[in-house]
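Naming convention: chains lettered A, B, ... in sequence-line order (proteins, then strands); numbering from 1 in each chain.
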Amino acid sequence: MSDTGIEKPVIVLFRHDLRLGDNRALCAASQTGKPVIPVFLRDERVSGDNRPTGGARRWWLHHSLTGLAASLQALGAPLILKRGRTDDVIDTLIKDTGADMVVWNRRYDPPGAEIDDALQAELSHRAVATQSFEGQILHEPYALKSGPGGHYHYTAFWRALHDMPEPRDPLPVPLALKGWHHGLASDKLDDWCLLPQHTDWSQGFSGVWSPGENGALERLSIFLDGRIDNYPEDRDRPDIEATSRLSPHLAHGEITPFQIWHATKNPALDGQRAGAEKFRQELGWREFSYHLLFNNPRLRSENYNTAFDGFPWENRPDHLSAWKHGKTGYPIVDAGMRQLWRTGWMHNRVRMIVASFLIKHLLIDWRIGEGWFWDTLVDADPASNAAGWQWVAGSGADAAPYFRIFNPILQGEKFDPKGGYVREFVPELTALPDKYLHRPWTAPEVTLKKARIDLGKTYPRPIVDHQRARKRALEAFDKSR
DNA sequence: ATTATTTTGTC
DNA sequence: ACAAAATAA
């Protein structure tokens, strides 16, 4: 095909940048004036710390790709779906189309980055031009130098991030793309079987989420139009819709941190600066997680602080199962785990509570919890998930001290004071008065009876006693130190 | 991004 | 007698 006088096209790789706005690779391709072939390339090789996309993200991916394909079609360049090893797929595409240029937005998870580096090296030997661009995080991880003795702690990192040049402004959506009209087979999305196959656990997802770039931009504007004002006070309240819920959109690159950074410095928000700053700090934690992952490629499988390597995990299968199914007997923990299962997402405050419970009350290895979140979260992110779990375990960088053990009763009463969150996800406790909602086992028999609760039958008794579990965890951490 | 306990302050 | 503040873990 390459010698038939047909203009050589440029291939734009999509992986987790499922958007048209602020997409530098797509803009660069469009500006070459060549025909553009957008390719979503799914390389699911499993090696080292690379692992397949989790179930919840597969659901999201299916819907997001549907939206992306429609948007690209409207611009004149239909999306091609391909699956396989990146080098093989690109090799075939070049043979089939005569493409002499491949562009992409960089990835920062070590396995992905490694694949992309190898691709760049290989194509440079073959006189195929390559270009890669930033997009997923605000600053290249190597641009922020590590602090003395290794790496930054969060506050130092945040300061260093502020000392960096202002992140660039976001780019507009290209007005039109020159398509490639010489035939090129695409996989069929349905053949990828991304949606649940046997039992449909995703019924609760669609009422909560709108995967895709449009859904992302809508979430952002809803957040900026109101919630951001109360973000600093309400962000820890799972019973209030106070957070942006942008995490799954960010994880799939349907929106960039550049777009969010830019939107939160809008002068129209002048009266809400505190809210904007607090929200940006959360972007900061995301950046910090990528900084850690870049410097510690084994962040999800090895203790950052190796003093935890000898920790005597108990890993009881029955306790793990109770945790996964939201049947621990602690209402705030169970509500969180059920929200996760029902909606593919969990409020950040509750993530900390359930993680602390798994690690410290049940003495189950944080890596097991990390794996469950990987499979069940629509926003599962290789950096944030691993860094978050290590933070709670106390084994991470700038982590919570090991003796910080969340009291699931107090946390529930403090952050879900009226029980709206627990009642939504643990409906069998609905009729229990607020006073006992986070500690049903302390309610008098008559109260339980009136609320139609039969402890141990309709709702479990606590699988571990808080005071005893706390003491046991402190002793275990003490011994292994 | 804490909790439990002790100490101090106030009536 | 109780709450706020300090402190150890």
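At a threshold of 4.0 angstrom between heavy atoms, the contacts of Gln467(A) are confined to the sugar-phosphate backbone, with no base atom among them.
Residue Lys471(A) contributes atom NZ, which lies 21 Å from atom P of dA8(C) at whole-angstrom precision.
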Short N/O separations, protein against nucleotides 1-3 of chain B, under 3.5 angstrom:
unit_1	atom_1	unit_2	atom_2	d
dA1(B)	OP1	Arg235(A)	NH1	3.3
dA1(B)	N6	Trp285(A)	NE1	3.0
dT2(B)	O3'	Gln411(A)	NE2	3.1
dT3(B)	OP1	Asn407(A)	N	3.1
dT3(B)	OP1	Gln411(A)	NE2	2.9
dT3(B)	OP2	Gln411(A)	NE2	3.4

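Salt-bridge formation is not detected for the pair Asp234(A)/Arg227(A): no Lys NZ or Arg NE/NH1/NH2 atom is positioned less than 4.0 Å from an Asp or Glu carboxylate oxygen.
Counting only N and O atoms by type, the side chains of Asp22(A) and Thr256(A) include a donor and acceptor under 3.5 Å apart.
Contacts classified as salt bridge (charged side-chain N to carboxylate O under 4.0 Å, His left out) and involving residues 362-373 of chain A (residues at least two apart or in different chains) are given here: Arg51(A)-Glu370(A), Asp365(A)-Arg367(A).
For Phe415(A), the ring-ring contact (aromatic ring centres under 6.0 Å, His included) criterion is met by no residue, not counting sequence neighbours.
Classification of the Trp372(A)-Trp341(A) ring pair by plane angle, with boundaries at 30° and 60°, yields parallel.
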